[in-house]
Amino acid sequence: MIRFLLRRTVSAVVVLLVLAVVLYAVFYLAPGDPAQLSCGPKCSPAQLVQIREQMGLNDSVYVQFWHFLQGIVAGHDYSTGTGTEHCSAPCFGRSYRTGELVSDILVAKLPATASLALGAMVLWLILGVGTGVLSALRRGRPTERLLTGLTLTGTATPVFIIGILLLMLFCSVLQWLPYPTYVPFTDDPQEWAWNLLLPWLALALVESAKYARLTRSSMLETLAEDHIRTFRAYGVSERAIIGRHALRAALTPVIALSALDLGSMFGGALLTESLFNVPGLGQKLVQSVELKDLPVVVGIVLVMGFAVVIANAAADVLYALADRRVVLA
Amino acid sequence: MTTQDLTAVEAGAVGNPGAPAPGARQVWRRLRAQRAAVPGSAVIALLVLVALAAPLLSAIEGQNTTSYHPELVDSASGGVPIGSFGGISGDHWLGVEPGTGRDMFSRLVHGAQISLAVALGATAVQILVGVGTGLAAGLGNRFVDNLLSRVTDVMITMPALVFAIALMAVVPDGFPRPLLLALIIGFVAWGSISKLVRAQVLSLKSLDYVAASRLAGSGTWRIARRELLPSLVAPVITYAALLIPANMVIESGLSFLGIGVKPPTPSWGQMLSSANTWYEADPAYVLLPAAMLFISVLAFTVLADGIRTALDPRAASRLRVGTGRKREGAAS
Amino acid sequence: GPKDSAAKDSSDAKPAKGGTLYVLNNQAQEDFDPARLYTSGGGNVPSLVYRTLTTRTRANGAEGSKVAADLATNTGEPSKDATVWTYHLKDGLKYEDGTAITTADIKYGIERSFAAELSGGAPYLRDWLVGGAAYQGPYKDTKGLASVETPDAKTIVFHLNKPEGEFPFLATQTSFAPVPKAKDTGTKYAEHPVSSGPYKVIKNENNGEHLVLERNPNWSEATDDQRKAYPDSIDVQAGLDQAVINQRLSTGSGKDAAAVTTDTNLGPAELAKVTGDKALASRVGTGHFGYTDYIAFNPKVKPFDNPKVRQAIAYAVNRTTVVNAVGGSSLADQATTYLPEQASFGYTPYDPFPAGKTGDPTKAKQVLAEAGYPNGITVSLTHDVTKADEQGPEVATAVQDALKAAGITVKLDGQEHKAFGDKIHNVSAEPGFFLTGWGADWPSGGPFLGPIFDGRQIVKDGYNFNIAQLDDPAVNQEIDEINKLTDLKAAATRWGALDKKIGEQAVTVPLFHPVYKRLFGKDIKNVVISDWTGVLDISQVSVK
Amino acid sequence: MSAAIDSAVDTAAPAGLAEPLVEVRDLVIDFPTASGTVRAVDGLSFRLEAGGALGIVGESGSGKSATAYALLDLHRGTGARTAGTVRVAGTDVLAADDAELRRLRGGRAAMVFQDPLSSLDPYYAIGDQIAEVYRVHVKATRRAARERAVQVLDRVGIPDAARRSRARPHEFSGGMRQRALIAMALACEPRLLIADEPTTALDVTVQAQILDLLHELRAETGMGLLLVTHDLGVVAGSVDDILVMRNGTAVERGAVGAVLDAPREPYTRALLAAVPQVDAARPVALVKQRTAPEAEEAPPANEAPLLEAVGLRREFGKRRDTVTAVDGVSLTVRRGETLGIVGESGSGKTTLGRMLVRLLDPTDGELRYDGRDIGSLGDKALRPLRRDLQMVFQDPVSSLNPRRSIGESIADPLRATGGMSDKAIVERVRELLERVGLEPDWYHRYPHEFSGGQRQRVGIARALAPSPKLIVCDEPVSALDVTTQAQVVALLGELQRDLGLSLVFIAHDLAVVRQVSDRVAVMRAGKIVEEGPADAVYDAPQHAYTKGLLAAVPVLDPVESAARRAGRKGLTGV
Ligand SMILES: Nc1ncnc2c1ncn2[C@@H]1O[C@H](COP(=O)(O)OP(=O)(O)OP(=O)(O)O)[C@@H](O)[C@H]1O
Ligand SMILES: Nc1ncnc2c1ncn2[C@@H]1O[C@H](COP(=O)(O)OP(=O)(O)OP(=O)(O)O)[C@@H](O)[C@H]1O
Ligand SMILES: [Mg+2]
Ligand SMILES: [Mg+2]
């Protein structure tokens, strides 16, 4: 286990480093002058020179990249003019445009993204596993065909279409819900949930289809296995077989997959965030890419990469915990 | 199975490598036997036809995608189309776009071109890159395998949309957009197919017939070509069939975020993104591209599902009691 | 002239003190440091916290485009040639902590705006003050800027390197706000700036995404005749989607009844709804901010070096489709002049290439033939890819469609927002034919025509705004002459004449002036919309 | 202990004592498939008296399992169609409703399946699984059920049952798993135990233990036994009556001694004849034929061996997880001789075989071919040698590429060496096909069009194609049924005689190895424990392990079988 974690850590660091290099290279190649971004449009050439100096843009790419890595590992001190400000260890630098510390941006945007991802996951697990079990139970009957059709439709619908339709239905036609605005949990838990309901639903409807199919197919697979035959041959009822044996087997991949999905949801729900105006990492990323705000982009993508790498490891651990036969390697 | 393979398994693409290959005719027969695959294919055929004949269809209607019709919209009210359901009329079969008054029918049928071309192009790139790297990783030595697997991990790890957005921002503007989209989507989303191919290669590699081929004196390349590639066709096709609708969704997602094809080229995602605020004032503007996209993606998904079932040897023999002898551990 | 700014109160009741005003915004107040703020006239929210030497007059319409004294006793005392400007502070001016405001603090605030750490503010001080170009700010250069003198705590004198009759306009910007040196925390100052205005900052979360302001007890109405400060507190929530803002304002339930927005227009889709609803329509404020969107040419690029080609395009443009592309006639007025249609800018109506409301392709074809292109031409139009942008794809395609009828085939060259800006403002990369727009930093012809058409302002190695790269000695000289005038009315007339003169050269094709249509909540009283900002002034609003 | 079991069991006895435990009349089972209906069982009738033991034997696909499943109507709900009457312990199985059927299943009649690993739920502790089944039939608390589970596990000989009952199936060895399944069957004291090939997946020694256990339990509890197997040796010592099946019908039935001694039907006779006998010396025919042409020039003992391994080792895995599959094996293969290698599952036979043809790199040790060290040659350097060393694989399914015609597969080695025209290659392949007893025109057929035995012939033809000097046969017949097995063994002998090949013949089946080998090596845990001329090893084994192995081999004679069982008691009782 320790060895596994160690190896995972090393490979995670490698993956993240590769990611950082790639992003850095990509954006270094991109047209646009960060100093200009920082200074604003009506900036004089003399001022630009000063700002370039201040931002360290006169160093070579390698030096800049090295400083960037140093910041992540050891933190960085910035001059505030009147003194210095310490940006503690995982320091991704500061936004070219607003001068904010990227870490502050990340901390500020994470709650919204986390709220979106976690809530959606709960919902999609309930919906997905429920549908999957039901359609496995009712296999061969009209219910199953209906559910299969529904999940197929779910997988085929882009999240922004579901999103727009939900908005149309609940906010415009029925007017049951306000047009969603993110309210932090700490401000008002009820409003938080109420406003996130639609984005959760949109994500959950799309994702749950995948889970329903996974649950159903792994249940059916399990039901065709020899050990199920054993329990049938010993008079165990079909309900108990499905509830105890088939579901148990089906949950393993479901749990592992949801860990993965949760990971990529951390910043991956770009469309949902921008459609429902959830001020999370994804939305910030899209904005920052447009503005070529390199430190923010790299910061967010690294955090996302980190989340996914953690999720990958978590999925493997969960898998191994759920299924003792799996050896971690 | 590790979690890495989950997606492939979930996609149902991991078949039994030792199983006999169903012939093309057999697959077609099995495909036809499926309830949804036939209408799915029909819709796709129709879609392809519409895409190919888009200029002709617009010409029949007597409109084009770019002409503004200021007289058909109410300028003082934000440019909402005059008339019911988005201004449907004999001249404009599906109404006009708010603000500009451009013809919706023309834009929708031309949008099909983009959707299809990008999705298919991207899939081709994904297959090429994915199969290439997957084979290399599966057959290469430890170092090659480790390197490629790490790279693949990164590719799988990062949500495709994020990567695509970042890349789109960097490419010079002169590049033809649909081609660029196909390339970028192709290059960011080949990870899973590569993993699938690698896993397949690894499991095929342990089969006795590959050992036999080695004994026959075949080199790595010969083994890859003769023994492995033919067995990879079925899972790769199955997976590719799933990739097409996924790519369609990515393309529309990029266009939705405003970084897809450039105006005035019409694309469904782009139309949806402009229509996003119009759902109260002009629902038709939202519903038409949404419906087109939805139906196309659904049709491809249904077909992919059908192909998967048709190619899956397990599906052919669902009722099995589990007989026959095999010595436990014989294959260890 | 502009149609009347519809600034009617939603009720007749007298405004009263108390309550909380909610501001629902799209853009966060990311720059809140007075040194980094660029906004014309000091901005809506910042001017509640920062008082400046002068400020804009808080009045409806054209009256609101004048300068008024703020911290200073008057709008400034110029020397004869307008190169030295002297200000005296009013009595009894205090910060939120009760300490007195001195001219040294104003000087320090100005010096801060030169620091590289606090970049982002307007460039005028740097250009105008003697020694400004070389000054590096108080953190690097503690000696200070000699051209700003403070002979005593109540007097401040500015020495300019050229005559600037419009200095009082400049003095409205937040770089003229006092910053007590002892309280300066550099880049962190924006988190808690020391207020000199009617409100102090209680909360500044996520870099201006959520601001809470409360009444500053040390501000006195007696020293400030511009700000009304009716509400007890102001809560600014930013980062909201524009559709959300409009929907919340139109529903107006709960706290939203006392809400306004300072940055979000009604979108076209929402307008369609509002026009059909009387009650809602009465809660829409219409404003005009001095802004012009136009087609720009780089006459160094073929075939735009040929004035006839530019003229043909001017004839061919269909301003109706262009206006529709940005939301229709309620959100934009067709423009044929470069200067906005407001007296303060010196608006003088003219149309050198009359083509009616929908363009004149026949005339355009004819001019094009005269230019030597009887069979039409193919050109490429550069624009911003950001959707629903005034320089965005919608406008570009409208232009493309209109020019087609005149035999001009337009290829669209969409650029990412940032790349677009970088490209058009770079002399060596500047495309020949593109969309752009300009808004003045204060309502006068000077900042409208100067940066754009002054040949000496062509920047070769930085951001260039003289896009037409026009370097006409006659124009340059006239600009200098007008800048010397301290009689702003006289200046305005001459700016108008200059505009017409430049317009005839067809280096731009004006398209439209945007119009602001903004909803406000049911409980909002005392709505004031000036022609300076075009938006409802939250320093005047009452919620009781 | 039996008192406790009694009290727990459902004692509703059928009214008439005369009623048999199992009565099957005119059983017909059809499987509808895509390519038409398969009739697996066709009008089968038989009965089994209470406490009796019936063996059902027959070759693969004869309908044995289908019949066994019908006794508990496990076909219900799978789409298979059953007709006829099946009465088990007083229940009309095919007509019973679901609830009644559930009471029968596991309660009065329990089943033990072939593959012990996949027959248990991998996610739950074994004790819990047994307890679960127990609670379906007996009203008991969770705790009582767990105690019962421990009790039956103890009964089937799981050491430290209380602790081991908390283990999951993968922590058990194959034999223990099979014991656990039998324990599950015992939990509710059924009156009938149906065992479908309960030992096929196990090694001979473990097989003997399981069969002994079943025997004991029968004697102790008086339950009836229905034993389904393809192995005549297994039935010989375990049942009273025997039913021989073929194509879904009964070919012959009777007392086990009678049928095995004097089979009436030709099919039964053929079946019996094909069974290799471990205690019979190598069939004279085979020996003679092979040695005859070479007798004069009999290889001198000091002639340099064709292949020689010295201290061959192979490890798998890294660091702590290292498995030493082959642990210092030294052996020689002379020209024209057959070396048999026997050993139980996991003893390292395959690993050794693959190293001999250099499909695997040895971790350590030397391998000399024709005096030349080939143990450390790289892939490229090996290529010219490849044609001399060939292999026939165990699994006829996975050893042929399903996507290539068999002709192409056989032609592979010929093409790889190059230098032959296409026409010559095809000609040679046709020749080879004929040589191994297949139609030359089947060149273009695909593997799935062949039976197991035919595929194995294709595999042999492929190995022969490059005219090798040595062929390693890794369990070439263990996937085949006895009749086919005999044919393939005969073919190999014939080829060796004709072509003067050297063979290394690997198998776990002692009898088969004896039939073909000149010399035999016995492997255990990666080492060779005993080696020598075949007859010497079999008739006078020196090593205790070899002795145990030989004692565990089932024999066809019921009397002899009983004697051996008694003998084993002494051997394993330690
Ligand atoms: N689910 C099924 N679908 C179609 N055919 C089947 C099915 N199960 C069994 N069969 C066919 O029925 C016949 C009898 O099968 P059965 O499993 O009873 O054979 P068996 O005697 O047990 O063979 P083995 O020794 O290989 O276990 C075979 O031809 C088999 O192919
Ligand atoms: N590729 C491998 N990786 C790890 N362990 C292996 C590998 N191949 C074989 N082993 C292990 O080596 C040991 C010997 O395996 P091998 O296959 O040689 O046995 P065998 O005697 O052929 O058994 P069987 O009769 O079951 O075929 C076993 O414990 C097996 O688990
Ligand atoms: Mg069977
Ligand atoms: Mg083996």
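Lettering of chains follows the sequences in order, A, B, ..., and the numbering in each one begins at 1. Hydrogens, waters and symmetry mates are skipped; everything else that's a heavy atom, side chains included, is used.
Expressed to the nearest 0.5 Å, how far CG of B:D208 lies from OG of D:S398 amounts to 4.0 Å. Atom CZ of D:R354 is separated from atom CZ of B:R214 by 9.0 Å, given to the nearest 0.5 angstrom.
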Determine, step by step, whether B:R226 and D:D412 satisfy the side-chain contact (heavy atoms from CB on, under 4.5 Å) criterion, reporting the C-alpha distance in whole Å, the side-chain angles of both residues, the deciding distance to 0.1 Å, and the verdict.
CA-CA 10 Å; B:R226 296 227 168 177; D:D412 243 4; 3.6 Å; yes
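Residues B:V233 and D:R403 have side chains not in contact (no heavy-atom distance under 4.5 Å, counting atoms from C-beta outward). Contact annotation: the side chain of D:L389 never approaches that of B:L215 to less than 4.5 Å [non-hydrogen atoms, C-beta and beyond].
Across D:N401, D:L359, D:L385, the residue that shares the most heavy-atom pairs under 4.5 angstrom with chain B is D:N401.
Listed here is the closest heavy atom pair of D:R462 and B:A212: CZ-CB, 3.2 Å. The two residues D:S399 and B:Y209 come nearest to each other via the heavy atoms O-CB, 3.2 Å.
Within 6.0 Å of CZ on D:R386 lie more than 12 heavy atoms contributed by other residues, nucleotides or ligands.
Contact of B:R222 with chain D is made through the side chain alone, with heavy-atom distances under 4.5 Å.
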